[in-house]
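Data block below; observations after.
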Amino acid sequence: MSVRADVETFRSIPIFSECDAVHLQLLAFSAVRQNFAPGEAILRQGEKGGAAFLILSGEARLSSAEAGQIGIAAPGALLGEVAMIGDRAYSISATAADPVATARIDRELFMRVAREFPEFGNAVFGVLARRLEHSVTELEATRSAFENARSFHGF
């Protein structure tokens, strides 16, 4: 895949949607291509999130210890970005369902681009902040609905 095609793939990911093409070119050019065989772990829940993985081809099964299989990630999916950015552990596991090609974005690379190009960091962190705000609003609405729901006692 060409750097230009990778840039368009990066731009389709919500956290990079507001980033300048030049910054995405840096990420695309510097990302390490990594392939995974069927059954091979891409991310493991609980491990330190040192990298995010953009799926270029193939599919990955997503799972968690608590819920079992929770979905499938297809080309264009970015896995582990919040753990990578926040220097946290991965919250899910991802295993290659078939041969998977990825672009691995190491935390060091991401943070370097964010430091050297503050507008890139501001764009990414702005999207993440809005995503968090949206999640908090949804949780508050759910909490309110539960508080106002009728009791199940007596049924």
Side-chain angles (χ1 to χ4, degrees), residues 1-115 117 119-142:
M1 193 178 262
S2 71
V3 171
R4 183 175 299 213
D6 285 354
V7 166
E8 290 311 310
T9 301
F10 275 98
R11 186 176 302 290
S12 71
I13 298 167
I15 68 165
F16 296 130
S17 63
E18 298 177 13
C19 295
D20 188 276
V22 171
H23 304 134
L24 296 178
Q25 285 175 345
L26 283 170
L27 279 182
F29 181 76
S30 302
V32 176
R33 300 301 185 258
Q34 189 169 355
N35 297 312
F36 296 89
E40 190 175 358
I42 300 168
L43 331 160
R44 287 189 178 92
Q45 184 177 9
E47 286 187 0
K48 188 80 162 209
F53 296 85
L54 173 61
I55 296 184
L56 302 172
S57 65
E59 292 186 338
R61 288 186 187 90
L62 307 177
S63 62
S64 72
E66 304 78 22
Q69 187 163 335
I70 55 177
I72 297 287
L78 183 63
L79 306 175
E81 73 277 14
V82 173
M84 180 267 298
I85 291 169
D87 199 24
R88 311 289 301 167
Y90 295 119
S91 61
I92 62 167
S93 294
T95 305
D98 47 29
V100 172
T102 67
R104 188 183 79 227
I105 306 165
D106 292 317
R107 183 174 199 283
E108 183 179 311
L109 166 65
F110 176 86
M111 296 307 286
R112 182 175 177 193
V113 174
R115 273 192 313 274
F117 302 96
E119 59 278 16
F120 168 79
N122 288 339
V124 170
F125 294 125
V127 170
L128 288 174
R130 286 189 297 280
R131 199 161 103 184
L132 177 60
E133 183 178 19
H134 178 73
S135 294
V136 168
T137 300
E138 286 183 342
L139 286 171
E140 287 174 351
T142 302

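Nothing here was measured: the structure is a model prediction, and the numbers come from that model.
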Taking Thr102 for its side chain and Gln34 for its backbone only, find out whether a donor-acceptor pair lies under 3.5 Å. yes
How close do Ala96 and Ala37 get, counting heavy atoms only, and between which atoms? CB-O, 3.3 Å
Measuring from Leu43:CG to Ser63:OG, what's the distance to the nearest 0.5 Å? 9.5 Å
Out of curiosity, Arg112 CZ to Leu26 CG, how far, rounded to the nearest 0.5 Å? 9.0 Å
Under the 3.5 angstrom rule, does the side chain of Arg104 hit a backbone N or O of Ala51 as a donor-acceptor pair? no
Kindly compute the distance separating CG (Asp87) from CE (Met111), expressed to the nearest 0.5 Å. 8.5 Å
Is a side-chain N or O of Ser64 found less than 3.5 angstrom from the main chain of Ile92, in a donor-acceptor match? no
Hits for side-chain hydrogen bond (donor to acceptor under 3.5 Å, both in side chains) against Arg130, two or more places apart or cross-chain, chain-then-number order -> Glu18
I'd like to know whether Glu119 forms a side chain to side chain contact (heavy atoms under 4.5 Å, CB included) with Asp20, so could you lay out the CA-CA distance, the side-chain angles of the two residues, the decisive distance to 0.1 Å, and finally the verdict. CA-CA 8 Å; Glu119 59 278 16; Asp20 188 276; 5.8 Å; no
Shortest non-hydrogen contact from Gly58 to Pro75? O-CD, 3.2 Å
Please walk me through it: do Asn35 and Val100 pass side chain to side chain contact (heavy atoms under 4.5 Å, CB included)? CA-CA 6 Å; Asn35 297 312; Val100 172; over 6 Å; no
Minimum heavy-atom separation for Pro14 and Ser17, please, with both atom names. O-OG, 2.9 Å
According to the ring-ring contact (aromatic ring centres under 6.0 Å, His included) rule, which pairs have a member within residues 31-54, sequence neighbours left out? Phe36-Phe53
Could you walk me through whether Ile85 and Phe125 pass the side chain to side chain contact (heavy atoms under 4.5 Å, CB included) test, one step at a time? CA-CA 9 Å; Ile85 291 169; Phe125 294 125; 3.4 Å; yes
For the residue pair Val124 and Phe110, establish whether any side-chain heavy-atom pair is separated by less than 4.5 Å. yes
Criterion side chain to side chain contact (heavy atoms under 4.5 Å, CB included) on Arg88 and Val82, from CA distance to verdict: CA-CA 8 Å; Arg88 311 289 301 167; Val82 173; over 6 Å; no
Nearest atoms (heavy-atom pairs only) where Ile55 meets Ala60: CD1-CB, 3.9 Å
Ignoring hydrogens and angles, tell me if any N or O in the side chain of Gln45 forms a donor-acceptor pair with the backbone of Ala65 under 3.5 Å. yes
Report the distance from atom CD1 of Ile70 to atom OG of Ser91, rounding to the nearest 0.5 Å. 7.5 Å
Specify whether Phe16 and Phe120 have parallel, tilted or perpendicular ring planes, treating 30° as the upper limit for parallel and 60° as the lower limit for perpendicular. parallel
Please find the pair of heavy atoms, one from Ala52 and one from Leu78, that lie closest to each other, and give the distance. CB-CD1, 4.0 Å
If you measure from CD on Gln69 to OG on Ser93, what distance do you get to the nearest 0.5 Å? 11.5 Å
So does Glu138 have more than 12 non-hydrogen atoms from other groups sitting under 6.0 Å from CD? yes
Under a 3.5 Å distance rule, please check whether Asp106 uses its side chain to pair with a backbone N or O of Glu108 as donor and acceptor. no
Could you tell me which non-hydrogen atom of Ala31 sits nearest to which non-hydrogen atom of Ala103, and how far apart they are? CB-CB, 4.0 Å
Give a yes or no on whether the backbone of Thr9 and the side-chain of Ser12 come within a donor-acceptor separation of less than 3.5 Å. yes
Let me confirm one number: the CD-OG1 distance from Glu40 to Thr95, rounded to the nearest 0.5 Å. 9.5 Å
